[in-house]
Amino acid sequence: MNMFCYQCQETLKNEGCTVNGICGKKADTANLQDLLIYVLKGVAVYAEKAKELGVKDNDSAIFIARGLFSTVTNVNFDNQRFEKMIKEAFDVRDKVKAGFEEVYENKYGREFNGELTEAASWYSEDKAEFYKKGQEVGVLSTKDETIRSLRELLTYGLKGIAAYTDHALILDETDEEVFSFLQEGMAATVDDSLSADGLISMVMKAGEVAVKAMAVLDRANTGHYGSPEPTEINIGVNDRPGILISGHDLKDMEELLKQTEGTGVDVYTHGEMLPANTYPAFKKYKHFVGNYGNAWWKQNEEFEKFNGPVLMTTNCLVPPKDSYKDRVYTTGLVGFSGVKHIEDRKDGGEKDFTGIIEHAKRCKPPFEIESGAIPGGFAHQAVLSVADKVVEAVKKGTIKRFVVMAGCDGRHKTRSYYTELAQNLPEDTIILTAGCAKYRYNKLDLGDIDGIPRLLDAGQCNDSYSLLVIAQKLAEAMEIDDINELPISYDIAWYEQKAVAVLLALLYLGVKGIRLGPTLPAFISEGVLKVLVDNFDIKGISTVKEDIEAMLAGE
Ligand code: SF4
Ligand code: SF3
């Protein structure tokens, strides 16, 4: 075995990828990612020591966030970028260490000589050593199965929090509590004195911080671009060349729209960028045509047909086929060897999208794969503006139940469950969604209940916070104290680590009886699953029929 990764839902045999990733991640890249995570833990250990002496270090938290986000499934496959980031991590660790040692010496009048975990000191200049060390310090280096499971659950929750934090940071919104927890949580994963109970507490705290991180991002997005508005999103095409933008980064969306205006090049969204079509700040652009295609895993086929260049701002990138690889551009933390990368902003300026715009001008217009429109824009503000109507419909019994079907989409055939579930839910139920999971049912005509659409799409997975706000406000409006008394069932589809953060957020809020599919995470050991079942009644999915019956019965 030369790698081990089981962080996503498509891991091999629901056990672990050991030779190559199903996602296309090669073993050497996995090794570098493991080493980067390891050194980041070392950074966190020193950041925690410094905190004990009253010294806060937000820069290292930001670096940890970016490093973690880079290792989220389908973000970065580029070894050179990881090698560079590992070297930077050594520098960041040195800086935090020096800061801590100086304060220590001033306070105690002697050098710090305490023993710290190896992650705080391991160093090499030899790149070949990076790959070797990565194999030693990965997931399986924790021998106890329960501890390993909890450490990884915490790490993946932190990766999700890191992604939200980085998105918010790009829009200048930050939160010190979240920064601090990125350090605390990472340090906890290499703390051998921490028992299973201690780690469970940290996992629950990750849920609390995930709620916070999502709230910060919501503030950042709506503060900059306005609250999403209910919108019929065009899924057809125009006859001019276009740029397809995917991923989750709204600042990239903003700058691309600005820079393409008046150039004769249209802009389309793909995958998780779909909700950009519902923001007032973006809707105003006439050359912003609509959405093209479906969820991330269809990109091989759809990018080929698009004909124009594609900009990947975050996950999910699928290793590009040669037929269109020269049309793919990455930016931000996304990377793939041999694919053009658009550099970060400098000194408060904008990214320079000239190259991709010029490229688009040389391309044919997109091939039309579908036409019509799909609804979007039901984030918390839009839903709460009709809260009275919703509460009245619930009281009258015209709405019997809400089913939260948020999360991710993926390749597994078993995900047809979600399409069938949406088709078979009774007409007095409403689906609340966010994330690319929606592509399994957002092109069905599900109708409405007294003018309230039966599919309310709150936006990206990054907007899952909206669903929490909607649930909390409904509880208030209906004067219900316990969120579990609401007529809401949770049938969550997961794939990558942001979904893990959302799951932990729901657990922290006390939501019980969540269904998680299409498979339960491989990184949840039997012992940890028992804790989750005993305390939160978490379950896997069953058949569509059984699950609908159970959900309607409030189970
Ligand atoms: Fe395998 Fe998923 Fe890890 Fe990729 S991210 S290597 S598919 S477990
Ligand atoms: Fe999708 Fe990757 Fe998770 Fe943002 S784009 S939800 S999988």
Side-chain angles (χ1 to χ4, degrees), residues 1-34 37 68-77 134 138-140 152 155-156 159-160 163-164 167 214 217 245-250 269-276 291 293-299 302 312-319 333-334 405-412 415 418 433-440 442 457-467 492-503 518-519 521-524:
M1 187 189 300
N2 43 14
M3 69 175 276
F4 186 84
C5 180
Y6 63 174
Q7 67 174 353
C8 84
Q9 189 272 325
E10 292 184 5
T11 195
L12 186 69
K13 297 187 189 148
N14 211 29
E15 288 172 4
C17 296
T18 55
V19 180
N20 278 319
I22 299 283
C23 59
K25 180 164 78 179
K26 301 272 186 256
D28 50 6
T29 315
N31 299 153
L32 290 176
Q33 291 190 355
D34 285 346
I37 299 276
L68 281 172
F69 193 4
S70 300
T71 68
V72 164
T73 303
N74 294 338
V75 173
N76 200 324
F77 299 80
V139 172
L140 297 179
E152 295 311 312
T155 305
Y156 305 150
K159 288 190 184 193
Y164 298 136
H167 277 291
M214 285 194 272
L217 178 56
I245 173 169
S246 192
H248 304 72
D249 194 293
L250 297 186
T269 54
H270 187 268
E272 273 286 71
M273 200 55 93
L274 165 76
N291 191 68
N294 294 279
W296 65 272
W297 61 278
K298 294 248 181 121
Q299 66 187 252
E302 293 171 352
M312 292 301 305
T313 66
T314 66
N315 55 314
C316 279
L317 173 68
V318 172
L333 297 175
V334 192
M405 289 177 70
C408 309
D409 196 9
R411 306 172 174 98
H412 275 181
R415 287 185 187 259
Y418 297 103
T433 194
C436 64
K438 66 168 78 71
Y439 281 102
R440 290 279 168 178
N442 68 347
D457 173 12
Q460 300 178 336
C461 57
N462 291 15
D463 303 310
S464 299
Y465 175 72
S466 259
L467 303 178
I492 307 287
W494 82 287
Y495 169 63
E496 37 76 25
Q497 298 77 53
K498 283 191 270 178
V500 177
V502 175
L503 176 71
T519 50
F523 57 82
I524 301 284

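By convention here, the first residue in the shown sequence is residue 1. Values reported hereafter were calculated over all heavy atoms of this structure, with side chains retained and with hydrogens, waters and symmetry mates removed. Both ligands and their constituent atoms are indexed starting at 1 by order of listing.
Atom 2 (Fe) of ligand 2 has its closest protein heavy atom at Cys316 SG, 2.2 Å. Cys8 SG, 2.2 Å is the protein heavy atom nearest to atom 2 (Fe) of ligand 1. Regarding atom 6 (S) of ligand 1, its nearest protein heavy-atom neighbour is Gly21 CA, 3.4 Å. The protein heavy-atom contact nearest to atom 3 (Fe) of ligand 1 is Cys5 SG, 2.3 Å. Protein heavy atom closest to atom 5 (S) of ligand 1, with residue, atom name and distance, is Thr73 OG1, 3.2 Å.
Interatomic distance, SG of Cys316 versus CD of Glu272, reported as 8.5 Å (0.5 Å rounding). Note that the CD atom of Glu496 and the CD atom of Gln7 stand 9.0 Å from one another [nearest 0.5 Å]. Here the straight-line distance linking atom SG of Cys5 with atom CG of Asn20 works out to 11.5 Å at 0.5 Å rounding. Taken from OH in Tyr156 to OG1 in Thr71, the straight-line distance is 9.0 Å, to the nearest 0.5 Å. A distance of 7.5 Å separates OG1 in Thr18 from CE in Met3, rounded to the nearest 0.5 Å.
Contact of the Phe69 side chain with the Thr314 side chain is registered, since non-hydrogen atoms from C-beta on lie closer than 4.5 Å. Looking only at side-chain heavy atoms (C-beta outward), Thr73 and Glu10 stay at 4.5 Å or farther from each other. Contact annotation: the side chain of Pro521 never approaches that of Tyr6 to less than 4.5 Å [non-hydrogen atoms, C-beta and beyond].
Within ligand 1, counting atoms from 1 as listed, the ones closer than 4.0 Å to a heavy atom of Cys17 are 1 (Fe), 6 (S), 7 (S), 8 (S). Every atom of ligand 1 with a heavy atom of Thr11 under 4.0 Å away is listed here by number and element: 8 (S). Of all atoms in ligand 1, numbered sequentially from 1 with element shown, those under 4.0 Å from a heavy atom of Cys23 are 4 (Fe), 5 (S), 6 (S), 7 (S). Close approach to Cys436 involves these atoms of ligand 2, each under 4.0 Å from a residue heavy atom: 1 (Fe), 5 (S), 6 (S), 7 (S). Listed by number with element, the atoms of ligand 1 under 4.0 angstrom from any heavy atom of Tyr6 are 8 (S). Applying the 4.0 Å criterion to heavy atoms of Asn315 picks out, from ligand 2, the atoms 2 (Fe). In the vicinity of Met3, heavy-atom distances shorter than 4.0 Å reach the ligand 1 atoms 6 (S). The Tyr495 neighbourhood of ligand 2 comprises atoms 7 (S), with distances under 4.0 Å to a heavy atom of that residue. Proximity to Cys408 (heavy-atom distance under 4.0 Å) selects the following atoms of ligand 2: 3 (Fe), 6 (S), 7 (S).
Contacts with ligand 1 closer than 4.0 Å are made by side-chain heavy atoms of Lys25 only, the backbone lying farther away. Contacts with ligand 1 closer than 4.0 Å are made by no heavy atom of Glu496, backbone or side chain.
For atom 2 (Fe) of ligand 2, the N/O/S atoms of Cys461 include none lying under 2.8 Å.
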TODO: Starting from the C-alpha separation in whole Å, work towards a yes-or-no answer on side chain to side chain contact (heavy atoms under 4.5 Å, CB included) for Arg411 and Val318.
DONE: CA-CA 11 Å; Arg411 306 172 174 98; Val318 172; 4.2 Å; yes
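For Trp296 and Tyr495, the ring centers are positioned less than 6.0 Å apart.
Nearest residue to atom 3 (Fe) of ligand 2 from Glu496, His248, Glu272, His270 is Glu496 (criterion: closest heavy atom).
A side-chain donor from one of Gln9 and His412 sits under 3.5 Å from a side-chain acceptor of the other. Residues Thr269 and Asn291 have side chains that bring a donor and an acceptor to within less than 3.5 angstrom of each other.
Using 4.0 Å as the threshold, Gln460 has no heavy atom nearer than that to any atom of ligand 2. Under a 4.0 angstrom heavy-atom cut-off, Asn74 registers as lying outside contact with ligand 2. Residue contacts with ligand 1 leave out Gln9, since none of its heavy atoms falls under 4.0 Å from the ligand.
Checking side-chain atoms of Arg415 against main-chain N and O of Ala437 turns up no donor-acceptor pair under 3.5 Å.
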